[in-house]
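Letters go in sequence order (proteins before strands), and every chain restarts at 1. Note that these values count all heavy atoms, side chains included, but never hydrogens, waters or copies made by symmetry. Source: prediction; values computed, not measured.
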Amino acid sequence: MRLTRVRAADFRNLSFADVDLDAPRVFLLGPNGQGKTNLLEAAGLVTALRSFRVTDIEPLVRLGCAEARVRVDLDLGAEGQACVEVTLAKGARRAKVDGTPVASAAELVPRFPTVVFCSDDLRLVRGSPGNRRRWLDLALSGTDPAYLRDLRAYTRALESRNALLRSGQADDAQLEALERAMAEPAAGVAAARAEALADLAPHLRGVCDLAGFSGLAELTHRADTPADRLAEAWRSGRRLDRQTETTRHGPHRDDFDILFGGRDAATHASEGQQRLLVLALCLAQLRRADQRAATPPVILADDVLGELDEERRRAFWSAIGDTHQVVATGTLPPPEGAWKIIEVRDGAYHPRV
Amino acid sequence: MTPAFEKVRQLLRGLPGLGHRSAERLALHLLVERPAKLAPLLEALGAATRAVRRCERCGNLAESPACSVCADSRRDPAVLCVVENVPDLMALERTGVFRGTYHVLHGRLSPINGIGPGELNLARLGERLATEPVAEVVLALGNDIEGEATCHYIRESFLAGRMGTKVTRIGFGLPSGSGLTFADAETLRSSLEGRRDVGG
């Protein structure tokens, strides 16, 4: 799959943008705050109508506008061309593929896969459990439609339960009803996360071998509460949940450990090792996505190499290979190679000739 | 725009399904383009406001204490179908297949929107289950989280331990006349879960 053209209207601070991306490797180059990431974010909506930066719709719609519109043209190789139109308005995400409305975002996932590498990813190692969950959610939403569906249902149910707890009218019968509705998506979310981490582990070891720190990195899922004990945890936690006005147990409290040489990477790996570990995780994520997707996912890499030296940057891009289209952003020009470079300044996109 | 026109537009804008432009179009249509339509509309609205009320038994729209379904002696009181709102009831009625009676909740449990059991037509459902010869309760609520939770609540609060009453949920699956290829994964999953034995 290849993105050939992205148009965005009233998206973030872009009133209008129309950018030709039709090349195997595209690099959006420019200082920070000029609109590089906004365009990448708009392109990433094709996979699951989700932004890789925020969960709410509101920040995506330009201030004072009712809706944001994004239109992405794609080249699907043997299957021809497709056009995905996304409309984001307060509380609603809608999409059309070649003019036909799409019933649910999960439908898009297998058709238009993308993999996002994000500059925030260093928080994967050092950040809070929330950073790791978000990374895993995004990685899985891009490959598993069932996960996306379960995650949405669980999140909605969790918001309902928390609203009920805050209302001060959370009687047992209503809590019980919600907890029953939550149980199935919660189990789905937990199982998919554990499976994905188990899938990622060998890829991560493979990549680490390549980078020269062999066999050192491990991933383990740490569920807040095992799925088969969730119902009981929710039931017995109701009294305290009412006091704290929040649901204290469930997959929304899960975490996973990144171990380096058998110990927590956040405290036992050097800063340089942590950076490389994050890149290794990105590559592992890509290899897993490759195995699951019918068509090679497009890589959206948001300033992922930061201040890495020239040699390491070159090694990273060569590890990705040339089966995927890459759309990357950065403040420094990419290492030599066949990049289509687009200079970004003040929300305007100028191809370098 | 005149202040009076603006007021009408604002009030129309507050109605469900009407955005800024459609509200303006309606206001213009009724006040300027076709003012002759206004008097009959106002009259009908006034008459309906006086006449239409909730059926005392099931919550459906009615112009007498009992709605047309409840007043129909051919309807089977042993089968009770619980629906979320009046449009859902009307949709089921249009199929002409269901011959039992209904119970309209006028909403579903939605803590996010501040809708609890007290806001729904549930107390009357309890009374009906206690006094009417109901052999089957059909829960015809949506299959999203709030629909699920409402079904669980009704089962636990009104039907738990009730011997001899069958509780069913409507099936969720493929639209009629369509194949499997174009169905989304969620619908296919529901239809697989709701498969039934056809013998053989």
Original post:
For B:R25, does the CZ atom sit with more than 12 other heavy atoms under 6.0 Å from it, leaving out its own atoms?
Top reply: no

**OP:** Take B:E146 and A:R156 through the test side-chain contact (heavy atoms from CB on, under 4.5 Å) and record every step on the way to the result.
**Re:** CA-CA 9 Å; B:E146 289 170 347; A:R156 174 84 184 169; 2.6 Å; yes

Original post:
Would the number of heavy atoms belonging to other residues, nucleotides or ligands and lying under 6.0 Å from CZ of A:R152 be above 12?
Top reply: yes

Subject >> Shortest non-hydrogen contact between A:A177 and B:A149, atoms and distance >> reply: CB-O, 3.2 Å

Subject >> Region of B:I112 in contact with chain A, defined by heavy-atom distances below 4.5 Å >> reply: both

Original post:
Got a second to check how far A:E176's CD is from B:R155's CZ, nearest 0.5 Å?
Top reply: 10.5 Å

**OP:** Examine whether an atom of A:R180 lies under 4.5 Å from a heavy atom of chain B, and if so say whether it belongs to the side chain, the backbone or both; otherwise answer neither.
**Re:** both

Original post:
Does B:E119 CD have over 12 foreign heavy atoms under 6.0 Å away?
Top reply: yes

Subject >> A:L178 CG to B:H152 NE2 distance, which is reported to the nearest 0.5 Å >> reply: 9.5 Å

Subject >> Proximity breakdown for A:A106 and chain B, heavy-atom pairs closer than 4.5 Å >> reply: neither

Original post:
Which heavy atom in B:I145 sits nearest to a heavy atom in A:A181, and how many Å separate them?
Top reply: CD1-O, 3.6 Å

Subject >> Other residues, nucleotides, ligands: >12 heavy atoms within 6.0 Å of B:E6 CD >> reply: yes

Original post:
Do other residues, nucleotides or ligands put more than 12 heavy atoms under 6.0 Å from the CD atom of B:E33?
Top reply: yes

Original post:
Which residue out of B:G114, B:C151, B:P117, B:P111 racks up the most heavy-atom pairs below 4.5 Å with chain A?
Top reply: B:P111

Original post:
Does A:L63 CG have over 12 foreign heavy atoms under 6.0 Å away?
Top reply: no

Original post:
Does atom CD of B:Q10 have more than 12 heavy-atom neighbours, drawn from other residues, nucleotides or ligands, at distances under 6.0 Å?
Top reply: yes

Original post:
Which pair of heavy atoms, one from A:A173 and one from B:Y153, lies closest together, and at what distance?
Top reply: CB-CE1, 3.5 Å

**OP:** Below 4.5 Å from any heavy atom of chain B, which atoms of A:E184 appear? Answer side chain, backbone, both or neither.
**Re:** side chain

**OP:** Please check if atom CZ in A:R229 has more than 12 non-hydrogen atoms from other residues, nucleotides or ligands closer than 6.0 Å.
**Re:** no

Original post:
Roughly how far, to the nearest 0.5 Å, is the CG atom of A:D171 from the OG atom of B:S157?
Top reply: 8.0 Å

**OP:** Supply the atom-to-atom distance B:N113 CG to A:S160 OG, rounded to the nearest 0.5 angstrom.
**Re:** 8.5 Å

**OP:** Evaluate the side-chain proximity of A:Q174 to B:E156: yes if any heavy-atom separation is below 4.5 Å, no if none is.
**Re:** no

